Amino acid sequence: MIEKGKISSFQMAIMMHPTILATAILLVPSITAKHAKQDLWMSPIWAAVSGIVTAYLAYRLCQLYPQKTLIEYSEALLGRFFGKVLGFMFILFYFYTDGIVLREYGEFVVGTFLPRTPMIVVIGAITLTCAFAVYGGIEVIARSSQIIVPVVVLLFLVIIILLLQDLDWKNMLPVFENGLGPSFKGSIVPQSWFSEYLLISFMLPYLTDRQKGLKWAVLSVLSVMTMLVLVNFTALFLFGKLTGTLTYPVMVAVRYISLASFLEHLESIVMAIWVSGTFIKICVFYYAIVLGSAQWLKLSDFRPIVLPSGFILMTFSLWTADSLQELVTFLGTTFPFFALTFQLLIPLMMLIFALFRQKFGKGKGKMKA
């Protein structure tokens with residue numbers, strides 16, 4: 001195995017929490033509100049179903065092909081040629097997706113805090129920082145997550161508590177005015193975020209307690225769902241129908257905080273949440289890219305391709321969109337179907353095919369605890 005490090009199922013769950021939530025808390029409430037209106041709080045609950053299904057698919061495939069990641073068992077399942085093609089498609093998909101995450105990071109930091117700084121400098125700085133973490137392997141990313149995630153969650157809860165005096169629950173009325181349809185339609189975009197739980201395919205082979213992998217993955221999905229429901233409730237209670245018109249509702253919400261004209265201008269808290277959470281998210285995608293690329297190329301070590309992959313990621317981040325408006329439109333329209341195809345539909349088809357092969361005596365054996 002290329003990766004020599006080991007992590008626990010709990011550490012995997014900790015890593016996946018900001019991987020889904022980091023960008024979702026800023027962009028998803030606005031996109032969801034455009035479709036779900038005052039029922040946007042319900043959308044993450046629908047969306048979490050895709051996260052649970054994706055985690056189950058990844059876990060079952062790992063059971064059928066133990067000690068192998070998504071890239072490796074693609075070849076074992078489909079044969080050398082078609083497996084290589086599918087593996088290459090997954091690697092390109094993750095390059096593109098991580099490029100989008102880098103661009104989201106750059107757009108937010110430059111547009112909100114550093115308007116005179118060239119975006120390539122901001123993106124380059126975070127990419128280089130993530131490269132150091134990825135170079136250290138999965139254990140470094142996991143331990144970084146254990147330090148960062150509790151702080152991020154605490155800061156997030158502090159924001160909600162400070163906003164309680166300004167919230168108006170009547171903004172959610174009438175509940176389900178047009179039935180469940182709008183809330184389900186609003187869940188399509190966050191479903192693409194939740195489907196990123198397919199990334200656990202690159203972590204499951206390195207768990208010390210693999211039999212607990214599915215349990216902790218599901219708990220991670222539920223924790224992300226809870227946080228997104230809280231975010232959507234906060235945005236809805238504060239802005240009402242205006243939520244869908246705001247690009248970053250959470251950032252605007254923080255500017256409402258004012259306690260005795262003393263505790264104000266807390267945008268730095270959102271900045272800390274964004275930078276810390278996005279750092280973990282970029283690292284997890286980055287790690288999947290370099291590990292998967294090394295396995296696809298049959299290399300003995302993934303570390304030599306960490307920096308070259310970083311340069312390619314920076315290029316993808318600049319190619320993804322011409323502006324923030326174009327990026328948000330893409331994330332709210334085309335990207336969900338693109339992401340769900342790769343992270344939900346294709347793994348589902350792979351599992352069905354794997355079970356079919358197993359039924360006729362061609363399975364690769366079951367995972368050992």
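Predicted, not measured: the structure shown is a model, and the values here were computed from it.
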Basic-acidic side-chain contact under 4.0 Å: [X], [Y]:
X	Y	value
Lys298	Glu75	yes
Lys170	Asp168	no
Glu196	Lys281	yes

Within the supplied structure, the quantity of interest is the number of heavy atoms (other residues, nucleotides, ligands) at a distance under 6.0 Å from [X] [atom1]; does it exceed 12?
X	atom1	value
Phe93	CZ	yes
Lys34	NZ	yes
Lys185	NZ	no
Phe338	CZ	yes
Phe113	CZ	yes
Phe184	CZ	no

With hydrophobic residues grouped by side-chain heavy-atom distances under 4.5 Å, do Val229 and Val49 end up in a single group?
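Per the 4.5 Å side-chain linkage, Val229 and Val49 are co-clustered.
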
Can you find a pair of side-chain heavy atoms, one from [X] and one from [Y], that are under 4.5 Å apart?
X	Y	result
Ser145	Gln11	no
Tyr105	Val275	yes
Leu238	Val252	no
Phe132	Val306	no
Ser30	Tyr248	no

Given the side-chain rings of [X] and [Y], with only the six-membered ring counted for Trp, is the space between their centroids under 6.0 Å?
X	Y	answer
Tyr94	Phe342	no
Trp169	Phe237	no
Tyr287	Phe202	no
Phe176	Trp41	yes

Interatomic spacing from CG in Leu219 to CD1 in Ile52 - rounded to 0.5 Å
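Answer for the CG-CD1 pair, Leu219 versus Ile52, is 9.5 Å.
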
Taking atom CE of Met119 and atom CG of Leu102, what is their separation to the nearest 0.5 Å?
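Going from CE on Met119 over to CG on Leu102, the span is 11.0 Å.
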
Once the angle between the rings of Phe95 and Phe316 is folded into 0 to 90°, is it parallel (under 30°), tilted (30 to 60°) or perpendicular (over 60°)?
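It falls in the parallel class, under 30°.
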
Taking atom types as modelled and ignoring hydrogens, do the side chains of [X] and [Y] form a donor-acceptor contact shorter than 3.5 angstrom?
X	Y	value
Gln343	Tyr197	no
Ser9	Lys215	no
Arg143	Gln146	no

Can you name the closest pair of heavy atoms from Phe233 and Met172 and give their distance?
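So the minimum-distance heavy-atom pair works out to CE2-CE, 4.0 Å.
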
